[in-house]
Novice: 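Structure below; questions to follow.
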Amino acid sequence: YLMMSYICFAYNLPIPIICAGENLNILGIGAMLRYAGCFFMKRSFRSVGMIQYRMACEKYVSGLLSLSTCKGETYNNNNSMLEFFIEGGRSRHGKLIKPRVGMLKMVIDSKYDCTFMPVALSYDMIPEMDDYIEQLLGKPKSPESLSLVLKIGYRLFIQKMMMIDNKSSRYNCGNAYIRFAPSISMLEIVDKYDGDVIEIAHFLQRQVALASIIPDTALVATVILMERFLHGDCASNDNTDISFVHRTRQIIRVKLRDILKKVLVLKNILVQIGAHLPNNSDLNGMDGLKKILTCLGYKNVKYSRNNNDSDASNCWGGAWNYIDLPNTPHLFLKLAYLRNQLIHFFTGMYTGVDREIIFNEYQYGIMEQISVEPHQKSYLNKLLKSFIIPYREAYAATISLLPLSDSSMNENNSSGNSSCKTYTKLAQDLIQLKLYAGSIKCYEALSLDTLKNCYKWFLDLDLKKKIRVERMLSRII
C-alpha cells in the first residue's frame with residue numbers, strides 16, 4: 001500500500017490518497033495508514049442496505065477527483081492523486097485476479113477528465129507465500145490482525161538483523177520491482193470501449209501485465225517446473241547426462257549447469273517478445289543461480305553420479321552440482337506462484353480447448369502468437385506444454401464430476417455457491433488420489449483457485465460445448 005507513496009515522496013511528487021479495504025482498519029495499523037493517506041471502504045456494496053453507503057463513497061471519490069482536475073495552485077497539493085487496486089485483493093497464485101470494477105466505475109461515473117496510470121508491482125518473493133499456499137490447498141484465510149503484522153515484522157527485520165537461527169520461518173524476500181505503464185486519458189479510454197467498464201478493466205489489467213518486471217525467481221521456477229516433464233521421458237535413458245532418477249527414493253536430480261542454460265534461453269525469448277527483466281539482474285552465471293535457489297529455499301546438494309564424475313571436481317566443488325526437483329504440493333505451488341507471473345506472454349500460442357482454458361485463467365493474456373528464433377522452437381514447445389498440463393489435469397478432474405445440466409449449480413444464488421465449494425472439494429480429493437496413483441503429475445492441479453475457475457467456466461458453456469470439452473479432457477484422467 002505504501003510503496004507508491006514512498007516513491008512519490010522520494011521524487012517530490014504529490015502523495016496519493018489510497019483506497020484501502022476495511023479489513024486493514026485494524027488496531028494501530030489503521031491509524032498509521034490513515035496518516036499515510038489511506039481511507040477505508042467496505043469491500044462489497046451488494047446488499048440492499050448499502051445503497052446510502054455506496055452513494056456516500058461515490059460523492060467522496062468524486063470530491064477527491066475534483067481536486068486533481070482543478071487548475072492553478074490547488075493542482076499541486078498532496079491530494080491530487082487517487083490510488084486504488086483494481087483486483088480488490090491480493091493474488092494467492094501469482095496471476096492477476098479478475099478485476100472488481102466497483103471503484104473503477106465510481107471514477108468513470110465522476111465524469112472528470114482524469115488520467116489513468118497503470119502501475120505494475122512484482123517481487124522476487126513475498127512474506128505471505130506460505131500462508132497463500134495453505135489457502136490454495138484449502139486452509140481458511142486468517143483475518144488481518146495486529147499480531148499477524150507484528151509476526152511478519154519480527155521475521156522480516158528482527159530475525160534477519162539479529163541472525164536468529166530459525167530457518168523454517170526466516171524470510172529472504174529479495175527485491176521488489178515497480179514499473180509504470182503508459183498513461184491514458186479516462187475520457188479517451190471510455191470513448192474507445194464505449195463505456196464498458198469490464199472491457200476497460202481488462203485493458204488496464206493487460207497494461208499492468210505487459211509493464212510488469214519478470215523477476216529472476218520466476219525464470220528459475222519456470223525452468224524447474226518444466227524439468228519434471230523433460231525428465232519423465234529421459235529418466236530411463238542410461239545415456240543421458242541431463243538428469244537421472246535415484247530409484248530407491250524416487251528423486252530426480254538436475255544439474256545446475258543445465259538449469260542455467262535453460263534459464264538463459266528463457267531470458268532470451270522474453271527479451272525477444274518485449275518482456276521486461278530486472279536491470280540489475282545477476283542471473284548470468286552460477287553464482288547468480290545459487291543466490292536465486294537460496295531465495296527459493298533450496299539448500300546445498302552434495303551428490304555425484306559416480307566417483308569419477310568430472311563435474312564434481314572441476315566446476316563447483318561437488319557441493320552444488322545438482323538440485324532435487326520438488327516432490328510436495330507446497331513446493332510445487334510455491335514455484336507455480338512465481339511462474340504464473342510470465343505465462344500471459346505465451347497465451348496466444350494455444351489453440352482449441354487449451355486456448356479457452358488458458359484465457360479463462362489469464363483473461364489479460366496476449367492474444368497474438370509470438371515468434372522466436374528457429375533453434376528455440378523446440379524449447380518453446382516444451383515450455384508451452386509445461387504451462388498447460390497442470391490446468392488440463394485440474395479441469396479434467398473437475399469436469400469429470402460435474403453434471404452437464406443442473407439448475408442448482410447457478411453461481412448467482414446461495415445454493416450455487418454451496419455447489420461450487422462442494423464440487424471443488426470433491427475435485428481436490430480426486431486429484432490427490434490421481435497423484436498418489438501416478439495417473440497425473442502436477443500438484444498445481446490442487447489449487448482451489450484453478451478448480452473454482454473451471455467450475456464457473458464450465459457452468460457458462462452450452463450443452464453441446466460441454467459434451468465436446470468433457471470428451472476431450474476425459475482422456476487425461
Side-chain angles (χ1 to χ4, degrees), residues 19 41 43-46 54 57-58 61-62 64-65 68-69 81-91 93-122 179-212 273-275 340-351 353-370 391 411-412 449-450 452-462 465:
C19 177
M41 187 180 292
R43 296 168 67 86
S44 176
F45 301 150
R46 293 181 182 178
R54 180 184 179 87
C57 291
E58 289 174 347
V61 170
S62 179
L64 292 176
L65 294 175
S68 66
T69 56
M81 289 198 294
L82 174 64
E83 174 186 345
F84 66 95
F85 299 84
I86 197 170
E87 297 172 277
R90 289 164 289 178
S91 172
H93 37 67
K95 302 176 289 185
L96 295 183
I97 304 174
K98 182 179 179 180
R100 301 180 69 173
V101 298
M103 188 67 183
L104 178 63
K105 190 173 187 305
M106 289 184 193
V107 173
I108 292 174
D109 288 346
S110 70
K111 306 298 184 182
Y112 288 108
D113 187 15
C114 50
T115 300
F116 285 127
M117 175 65 75
V119 180
L121 301 174
S122 52
R179 195 170 187 278
F180 297 87
S183 61
I184 184 170
S185 164
M186 188 192 77
L187 297 183
E188 180 181 336
I189 194 174
V190 169
D191 182 64
K192 179 180 179 180
Y193 291 99
D194 197 25
D196 189 327
V197 179
I198 301 297
E199 288 299 319
I200 293 173
H202 285 158
F203 168 80
L204 294 174
Q205 271 202 319
R206 190 172 292 110
Q207 295 299 104
V208 169
L210 295 178
S212 62
I273 62 179
N340 290 345
Q341 298 180 72
L342 58 82
I343 292 182
H344 58 275
F345 285 102
F346 301 90
T347 49
M349 299 297 293
Y350 294 96
T351 59
V353 174
D354 285 347
R355 186 179 180 88
E356 295 182 43
I357 290 174
I358 205 71
F359 274 104
N360 187 51
E361 298 292 329
Y362 301 86
Q363 295 95 341
Y364 53 90
I366 296 177
M367 305 290 292
E368 300 80 14
Q369 291 194 352
I370 62 173
Y391 294 112
E411 62 172 323
N412 294 323
D449 174 77
T450 301
K452 290 177 181 176
N453 289 342
C454 173
Y455 176 91
K456 296 175 182 178
W457 173 72
F458 192 73
L459 189 67
D460 292 335
L461 299 179
D462 58 59
K465 197 164 189 178

Novice: At what distance, to the nearest 0.5 angstrom, does NZ of Lys192 lie from OG of Ser185?
Specialist: 12.5 Å
Novice: Under 3.5 Å, side chain of Asn453 to main-chain N/O of Asn360, donor-acceptor pair present?
Specialist: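 No.
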Novice: If you define the side chain from C-beta out and look only at heavy atoms, does anything of Ile189 sit under 4.5 Å from Leu204?
Specialist: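 A side-chain contact under 4.5 Å exists here.
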Novice: In a table with atom names and distances, give each donor-acceptor pair under 3.5 Å that connects a side chain of residues 193-201 to protein atoms at least two apart or in another chain.
Specialist:
unit_1 : atom_1 : unit_2 : atom_2 : d
Asp196 : OD1    : Ile198 : N      : 3.1
Asp196 : OD1    : Glu199 : N      : 3.2

Novice: Minimum heavy-atom separation for Gln207 to Pro118, with atom names?
Specialist: CB-CG, 4.0 Å
Novice: Using a strict threshold of under 4.0 Å (side-chain N to carboxylate O), is an ion pair present between Glu58 and Arg54?
Specialist: yes
Novice: May I ask you to test the Val107-Cys114 pair for a side-chain heavy-atom distance under 4.5 Å?
Specialist: yes
Novice: I'd like to know if the side chain of Gln205 reaches the main chain of Ile97, judged simply by a donor and an acceptor atom lying under 3.5 Å from each other, with no hydrogens or angles considered.
Specialist: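 Indeed, once roles are kept as given, a pair shorter than 3.5 Å links the two residues.
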Novice: Do you know the tightest heavy-atom contact between Gln363 and Arg206?
Specialist: O-NH2, 3.4 Å
Novice: Which residues pass the side-chain hydrogen bond (donor to acceptor under 3.5 Å, both in side chains) test with Ser91, sequence neighbours left out?
Specialist: His93
Novice: Closest approach of Phe84 and Cys19, non-hydrogen atoms and distance?
Specialist: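 Looking at all heavy atoms of both residues, the shortest contact is CB-CB, 4.0 Å.
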Novice: Could you report the tightest heavy-atom contact between Phe345 and Ala209, atom names first, then the distance?
Specialist: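 Looks like CZ-O, 4.1 Å.
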Novice: In Å, rounded to the nearest 0.5 Å, how long is the span from CD1 of Ile343 to CE of Met349?
Specialist: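 Rounded to the nearest 0.5 Å, the CD1-CE separation comes to 14.0 Å.
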Novice: Please examine the side chains of Phe359 and Met367, heavy atoms only from C-beta on, and report whether any two atoms are closer than 4.5 Å.
Specialist: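 In short, these two side chains touch, coming nearer than 4.5 Å.
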Novice: Got a second to check how far Ile86's CD1 is from Lys98's NZ, nearest 0.5 Å?
Specialist: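 Here the interatomic distance stands at 12.5 Å.
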Novice: With side chain to side chain contact (heavy atoms under 4.5 Å, CB included) as the criterion, how do Cys57 and Met106 come out once you've worked through the C-alpha distance, each side chain's angles and the decisive distance to 0.1 Å?
Specialist: CA-CA 8 Å; Cys57 291; Met106 289 184 193; 3.9 Å; yes
Novice: Where do Gly348 and Arg355 come nearest, in terms of heavy atoms and distance?
Specialist: O-NH1, 3.1 Å
Novice: Can you see which heavy atom on Gln341 is nearest to which on Ser122, and at what distance?
Specialist: OE1-CB, 3.8 Å
Novice: Any donor and acceptor pair, going by atom type alone, linking the side chain of Tyr350 with main-chain N or O of Ile358 inside 3.5 Å?
Specialist: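 Answer holds: no.
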Novice: Please lay out, stage by stage, how Leu64 and Tyr112 fare under the test side chain to side chain contact (heavy atoms under 4.5 Å, CB included).
Specialist: CA-CA 10 Å; Leu64 292 176; Tyr112 288 108; over 6 Å; no
Novice: What's the separation between atom CG in Asn340 and atom OG1 in Thr450, rounded to the nearest 0.5 Å?
Specialist: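 So the gap between those two atoms works out to 7.5 Å.
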Novice: Quick one: are Met41 and Met103 in side-chain contact, heavy atoms under 4.5 Å?
Specialist: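 Met41 reaches Met103 side chain to side chain.
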Novice: Do Lys95 and Tyr364 pass the side chain to side chain contact (heavy atoms under 4.5 Å, CB included) test, and can you show the C-alpha distance, the side-chain angles, and the key distance before you say yes or no?
Specialist: CA-CA 10 Å; Lys95 302 176 289 185; Tyr364 53 90; 3.6 Å; yes
Novice: How long is the gap from NZ on Lys111 to CG on Leu65, to the nearest 0.5 Å?
Specialist: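 Going from NZ on Lys111 over to CG on Leu65, the span is 13.0 Å.
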Novice: May I ask you to test the Glu361-Thr347 pair for a side-chain heavy-atom distance under 4.5 Å?
Specialist: no
Novice: Just verifying a value: how many Å separate Phe116 CZ and Leu82 CG, rounded to the nearest 0.5 Å?
Specialist: 9.5 Å
Novice: Between Arg179 and Ser212, is there a donor-acceptor pair closer than 3.5 Å when you use the side chain of the first and the backbone of the second?
Specialist: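 Not at all, since once roles are kept as given, no pair shorter than 3.5 Å links the two residues.
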Novice: Could you tell me whether the side chain of Tyr391 reaches within less than 4.5 Å of the side chain of Cys454, counting heavy atoms only?
Specialist: no
Novice: Run the side chain to side chain contact (heavy atoms under 4.5 Å, CB included) check on Leu210 and Ile366 step by step: do they pass?
Specialist: CA-CA 9 Å; Leu210 295 178; Ile366 296 177; 3.5 Å; yes
